[in-house]
Amino acid sequence: MKTLGERDEFRNTSSRGTRILGGLSLVGIVFMGLIGLWWSPEDSDMGDLVRIMYVHVPSAWLAYMAFIITAIGSAMFLWKRSVWWDLIAGASAEIGVVFCALALATGSLWGRPTWGTYWLWSDVRIVTTLVLLLMYAGYLALRHVDGDPTQRSKRAAIVGLIAAANIPVVRMSVVWWSNRTLHQKDTVTLGDTKLDNLQLFTLMFALVVFMVLFAWMLLHRFRIAWLESEFEQRGLEEALIERRAESRVEPERLLEREATDRAMRAAEVRP
Amino acid sequence: MNGVGYIIASWTLVFGAVTVYAVRLVQRGRTLTRRVPNERRRWMSTDGDT
């Protein structure tokens, strides 16, 4: 009898762990919607627009976290030369790019009613975040370049590490260039917050929900990357076997051709 | 509620994108698992399920 994993309808990248994480994410998102959109109070300055913060800030934090994991994975790959670390780095970068783009988009939607503009090229936080997004988009493009897989992973790991240098720049931009940004300094710092208790709880809860969601996505994305690398490896193995078989067949064909030529020449000579 | 359009647009954008990405992940996983033999799909074993 076939096990659950062997049955066609269950052939996917999920497992007990991912099913639990997926379930928790769904429940968390529903609860987050309730407290974020209804129960939490409006802000004294921004009014209800503060509710955009519950999706914007966790998206940005998650992007930073994903890119830090990519940097760790890249460094570990260069040190240990393990495919596992390379795949983790690539999987995390893809999720990071998704959340970084979402942070920029929601920030833009928040900026229009608050600052009167969707985008401001002179704002250092916005521009450094865009640069971060483009760097990791380039990193992902590099991972898809044809060629030797080891060389490709090595190049990607170097880019993954270089791009990570931009993370503290984005984070600290509002402090280093405070006169060149409309962003406020950190809303939540250790032991000090500008938020109401329920607002702070909602933000922290949203962050936890996004982290659980990230774990679910990372596991699935890693398994997909693993399968892709297995498939690529299998393809290479099959191509090698085929090539070896061809090289064994080649001398036999040459002998056959030689014998035919000899027979034809003999027939021509005969009167 | 002020700026309701921007709030709904932000939340819809985030969870819409997350849903599309999640569905794409599951679909890609399904397609690839069919192409790789069982012994190479380590997490599918019932004893070491994580």
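In what follows, chains are A, B, ... by sequence order, proteins preceding strands, each numbered from 1.
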Applying side-chain contact (heavy atoms from CB on, under 4.5 Å) to B/Leu32 and A/Arg223, what does each step give before you reach the verdict?
CA-CA 10 Å; B/Leu32 281 165; A/Arg223 287 166 182 178; over 6 Å; no
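- Residues B/Ala17 and A/Leu102 come closest through the heavy atom pair CB-CD2, 3.8 Å.
- Considering CD1 of A/Ile52 and CG of B/Leu13, their distance stands at 11.0 Å, rounded to 0.5 Å.
- Classified by interplanar angle (parallel below 30°, tilted 30° to 60°, perpendicular above 60°), the ring pair A/Phe210/B/Phe15 is perpendicular.
- Put simply, the side chain of A/Asp48 does not reach to within 4.5 Å of the side chain of B/Val4, judged on heavy atoms.
- Contacts of B/Ala9 with chain A are made by both backbone and side-chain atoms, with heavy-atom separations under 4.5 Å.
- One distance of note links CG of B/Leu25 with OG1 of A/Thr18; it measures 11.0 Å at 0.5 Å rounding.
- With hydrogens and angles disregarded, a donor-acceptor distance shorter than 3.5 Å links the side chain of B/Trp11 to the backbone of A/Arg51.
- The candidate from A/Thr114, A/Ile20, A/Thr106 with the greatest count of non-hydrogen atom pairs under 4.5 Å with chain B is A/Thr106.
- From A/Leu227, atom CG reaches atom CZ of B/Arg30 across 13.5 Å, with rounding to the nearest 0.5 Å.
- When all heavy atoms of B/Val14 and A/Ser59 are compared, the pair lying nearest together is CG2-OG, 4.4 Å.
- Shortest non-hydrogen contact noted between A/Val55 and B/Ser10 is CG2-CB, 4.2 Å.
- Atom CD1 in A/Ile224 sits 9.0 Å away from atom OG1 in B/Thr33 (nearest 0.5 Å).
- Within 6.0 Å of atom CE in A/Met76, more than 12 heavy atoms from other residues, nucleotides or ligands are found, so the atom counts as buried in its surroundings.
- Around the CZ atom of B/Arg24, the shell of radius 6.0 Å holds no more than 12 heavy atoms that belong to other residues, nucleotides or ligands.
- The contact between B/Tyr21 and chain A is made entirely by side chain atoms (from C-beta outward), counting heavy-atom distances below 4.5 Å.
- Between B/Arg28 and A/His220, every side-chain heavy-atom pair lies at or beyond the 4.5 Å cut-off.
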